There are 2 protein chains.
Amino acid sequence: MTETAATGRALPHPDREHIRLESVLHALSDPLRLQIVRELAAREAELTCSQFDLPVTKSTSTHHFRVLRESGVVRQVYRGTAKMNGLRRDDLESLFPGLLDSVLAAADRQAARLGDAARVPAGG
Amino acid sequence: MTETAATGRALPHPDREHIRLESVLHALSDPLRLQIVRELAAREAELTCSQFDLPVTKSTSTHHFRVLRESGVVRQVYRGTAKMNGLRRDDLESLFPGLLDSVLAAADRQAARLGDAARVPAGG
DNA sequence: GGACTTCTTCGATGACCATCGTACGAGATC
DNA sequence: GATCTCGTACGATGGTCATCGAAGAAGTCC
C-alpha cells in the first residue's frame, strides 16, 4: 500500500493555544531551521526530511525538525518510513497574523541582498 | 549642563546593512528582551535602562540591552550617567518591512490571551 | 571634592544547544 | 525473511547563553 503507516507512530505536537511566540521566534532564529521553513513555504507542500539538502548529519537534522515541531512551526506526520513536514500556516496565522509572512519576506529580502539567492526564491 | 556626556562614551552599533534577520529573531526570542522591546514600542520614546522594571540584576539587564543593541534592534546613547534606549524602527522597517510590527502585534495578542495584560498594551 | 546614581566589566556557574557518530527501530521491497 | 531506506535515540563534546555578585568607571549634584 501507499498509505499504510501514518497510523503507527504519532508525534507530539503542541496544541494551537500552547504555541508560544518566543519559542517560534527562537525556532526561526537558527539559519538552518529558517532555511527549512523557507523551503517549506516556497514549495507549498509537505516534504520529507531527506528532501532538504542540509549541510549536517541526520542526527542534527532530526534535532532541528524536532525543534520546529515542538515550537509549533511545523506539523510532522509519518508516511511509511518517511516523515512528512508541513508548515502550520493556519495555526500560526490565527495566533500571530502576518508574522510568518513577514519573516519569510524578510528572509527572502535578506537572501537576495546577501547574494544567497538561487536557494528558495524561484523554487529551484 | 544637560547635554554634556553624549560625546564621551560611544557604543558600537551594527550598520543597517549588517543587521541579520537571524540575530534579530534571536534577540526577540528572549521573554525579557521581547518585553523591553514592547515597552519601547508602546512608549514611542527613548527610555533609560532603569526605567524598565526587569526581574533581574543590573548585570543581567546590561547583558540583555547589549544583545538588543548588537543585533540592531535598539540604539543606545549615553546622556549623562543614563543610557537612552530607542528602537531602530527605520532601519528595521527598511530591511524587514512589517516584521517588527508583526512581532509586536503577536506579542500583544499573546499577552492578552495569556492574561499577561496590564503590562504594555494600555501604557501603564 | 565627596556622595550618589547609573551602568559596565569580570569571573563564575549552571543551563541549554548544535553537532557528531554509532547503534537501533519501523516500513518497504524483493 | 533479508535487505534497504528513512528517521530515532543515546551519549559525548564544545560552544553559547542567562544569571549572579562584587568591584569599578562615568556623570551629576551639593
Side-chain angles (χ1 to χ4, degrees), chain A residues 1-13 20 22-37 46-71 73-86, chain B residues 1-13 20 22-37 46-71 73-86:
Chain A
M1 295 204 227
T2 25
E3 296 148 282
T4 343
T7 46
R9 298 175 274 173
L11 292 160
H13 289 80
R20 295 272 288 154
E22 293 90 333
S23 305
V24 170
L25 294 178
H26 173 247
L28 297 177
S29 75
D30 181 276
L32 232 64
R33 292 193 292 257
L34 184 55
Q35 174 67 29
I36 291 172
V37 170
E46 295 195 325
L47 296 175
T48 67
C49 293
S50 58
Q51 285 180 287
F52 297 86
D53 191 24
L54 303 176
V56 290
T57 64
K58 278 190 296 182
S59 326
T60 305
S61 191
T62 296
H63 161 69
H64 285 303
F65 278 105
R66 183 175 41 198
V67 172
L68 286 171
R69 170 169 48 82
E70 291 180 344
S71 66
V73 176
V74 307
R75 170 98 52 198
Q76 298 190 299
V77 175
Y78 280 107
R79 182 165 235 141
T81 108
K83 191 160 69 170
M84 307 307 296
N85 296 272
Chain B
M1 300 201 226
T2 26
E3 296 147 282
T4 341
T7 46
R9 299 174 275 173
L11 292 160
H13 289 81
R20 293 273 288 153
E22 292 89 335
S23 305
V24 171
L25 294 178
H26 174 246
L28 297 176
S29 74
D30 181 276
L32 233 64
R33 292 193 294 257
L34 184 55
Q35 174 67 27
I36 291 172
V37 171
E46 295 197 324
L47 296 175
T48 67
C49 292
S50 58
Q51 285 179 289
F52 296 87
D53 191 24
L54 302 175
V56 291
T57 64
K58 278 191 294 184
S59 325
T60 305
S61 190
T62 296
H63 161 69
H64 286 302
F65 278 105
R66 183 175 44 198
V67 172
L68 285 172
R69 170 170 47 83
E70 292 181 343
S71 65
V73 176
V74 308
R75 169 101 48 199
Q76 297 189 299
V77 175
Y78 279 107
R79 180 166 237 140
T81 108
K83 192 160 70 171
M84 308 307 296
N85 295 274

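Only heavy atoms go into these numbers, but all of them, side chains included; no hydrogens, no water, no symmetry mates. What you see is a predicted model; the values in this text were computed from it and never measured. Chain naming here is simple, since letters A, B, ... match the order of the sequence lines and numbering starts at 1 in each.
Considering only the side chain of B:Lys83, C:dT8 comes nearest among D:dA18, C:dA26, C:dT8. Of the candidates C:dT19, D:dC17, C:dA26, C:dT19 carries the atom nearest the A:Val56 side chain, counting heavy atoms from C-beta on. With distances taken from any side-chain atom of B:His64 to the nucleotides C:dT8, C:dC20, D:dT19, the minimum falls on D:dT19. Closest to the B:Thr81 side chain, of the nucleotides C:dC7, C:dG27, C:dT6, is C:dT6.
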Polar atom pairs between nucleotides 21-23 of chain C and protein, under 3.5 Å, N or O only, would you list them?
from: C:dG21; atom 1: N7; to: A:Ser59; atom 2: OG; distance (Å): 3.1
from: C:dG21; atom 1: O6; to: A:Ser59; atom 2: OG; distance (Å): 2.8

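Of the side-chain N and O atoms in A:Ser50, none sit less than 4.0 angstrom from OP1 or OP2 of D:dT5. OP1 or OP2 of D:dC6 has not a single side-chain nitrogen or oxygen of A:Tyr78 nearer than 4.0 Å. Side-chain N/O atoms of B:Arg33 include one lying less than 4.0 angstrom from OP1 or OP2 on D:dA18.
Judged as a side-chain contact (heavy atoms from CB on, under 4.5 Å), and not counting sequence neighbours, the contacts of B:Thr57 are B:Ser59, B:Thr60. For B:Glu46, there are no salt bridge (charged side-chain N to carboxylate O under 4.0 Å, His left out) partners two or more places apart in sequence or in a different chain.
Look at CE on A:Met84: it is 12 Å from C1' on D:dC6, rounded to the nearest Å. In this structure, A:Leu68 places its CG atom 16 Å from C1' of D:dG7, rounding to the nearest Å. Here the C1' atom of nucleotide C:dT6 and the CD atom of B:Gln51 are 12 Å apart, to the nearest Å. The nearest whole Å value for the distance from the NE2 atom in A:His63 to the P atom in D:dC6 is 22 Å.
Contact annotation for B:Ser61: no contact, since no heavy-atom pair falls under 4.0 Å across all strands.
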